[in-house]
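To keep things clear, I will list the structure first and then write my remarks on it.
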Amino acid sequence: AKVVVVIPPVISQQTSSSPVSPVTEEDLVILSVQGDGTPPLKYQWQISDDGTTWSNVPGKTLNKLVFSKIQLGNDAYYRCVVNNILDEPA
């Protein structure tokens, strides 16, 4: 039998925003995280109006969330959930 030890994921680096909030419409905004742990790591960006109830942002599964020209409709809370192969979140 083979024993595989899985290191739980952790977020080792994060950028709150670039440029620093508040931003104006049409600004380039990049949010990013870096996860560490046993690969492969999975990233899923989430959005919330109130910072309490979260939903997945469809198709946003990389470690960066890029708004090439931020709009008023993008005003929200964002976070990234990082999971490992066991679906353990960071």
Side-chain angles (χ1 to χ4, degrees):
K2 181 178 180 180
V3 175
V4 177
V5 178
V6 176
I7 299 170
V10 295
I11 295 176
S12 58
Q13 294 179 344
Q14 63 182 342
T15 303
S16 58
S17 67
S18 175
V20 177
S21 193
V23 297
T24 59
E25 281 193 296
E26 305 295 318
D27 279 350
L28 168 67
V29 175
I30 301 170
L31 305 176
S32 65
V33 299
Q34 182 60 50
D36 284 329
T38 302
L41 296 177
K42 298 180 288 183
Y43 297 88
Q44 177 61 63
W45 285 93
Q46 296 183 330
I47 188 170
S48 173
D49 291 331
D50 59 11
T52 302
T53 304
W54 296 90
S55 58
N56 290 344
V57 180
K60 301 302 179 184
T61 56
L62 299 176
N63 69 326
K64 290 184 181 178
L65 181 62
V66 178
F67 299 93
S68 57
K69 291 186 176 182
I70 197 91
Q71 299 297 314
L72 186 59
N74 300 124
D75 188 22
Y77 295 93
Y78 294 90
R79 72 178 183 186
C80 187
V81 177
V82 181
N83 286 313
N84 63 11
I85 61 173
L86 301 176
D87 277 336
E88 296 175 315

Which pairs of donor and acceptor atoms, one on a side chain in residues 66-83, lie under 3.5 Å apart (sequence neighbours left out)?
unit_1, atom_1, unit_2, atom_2, d
Gln71, NE2, Glu26, OE2, 3.0
Gln71, NE2, Lys69, O, 3.1
Asn74, OD1, Gln71, N, 2.8
Tyr78, OH, Asn74, O, 2.8
Arg79, NE, Gln46, OE1, 2.7
Arg79, NH2, Gln46, OE1, 2.8

Could you state whether Val57 and Val33 fall into the same hydrophobic cluster, counting links through intermediate Ile, Leu, Val, Met, Phe, Trp or Tyr residues with side-chain heavy atoms under 4.5 angstrom apart? yes
Indicate, with yes or no, if Tyr43 and Trp54 share a hydrophobic cluster defined by side-chain heavy-atom contacts under 4.5 Å among Ile, Leu, Val, Met, Phe, Trp and Tyr.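 Per the 4.5 Å side-chain linkage, Trp54 and Tyr43 are not co-clustered.
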Step through the shown structure and confirm whether more than 12 heavy atoms of other residues, nucleotides or ligands are within 6.0 Å of NZ on Lys42.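 For Lys42, atom NZ is crowded (more than 12 foreign heavy atoms under 6.0 Å).
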Is atom CG of Asn56 surrounded by more than 12 heavy atoms (other residues, nucleotides or ligands) closer than 6.0 Å?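 More than 12 within 6.0 Å, yes.
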Rounded distance (nearest 0.5 Å) linking atom CG of Asp36 with atom CG of Asn84: 12.5 Å
Would the distance check show the side chain of [X] and the main-chain N or O of [Y] forming a donor-acceptor pair, the cut-off being under 3.5 Å?
X	Y	answer
Asp27	Val29	no
Ser12	Gln34	yes
Trp45	Pro58	no

Nearest heavy atoms of Ile11 and Gln14, plus distance in Å: CG2-CB, 4.3 Å
State, to 0.1 Å, how close Gly37 and Leu41 come at their nearest heavy-atom pair, and which atoms those are. N-CD1, 4.2 Å
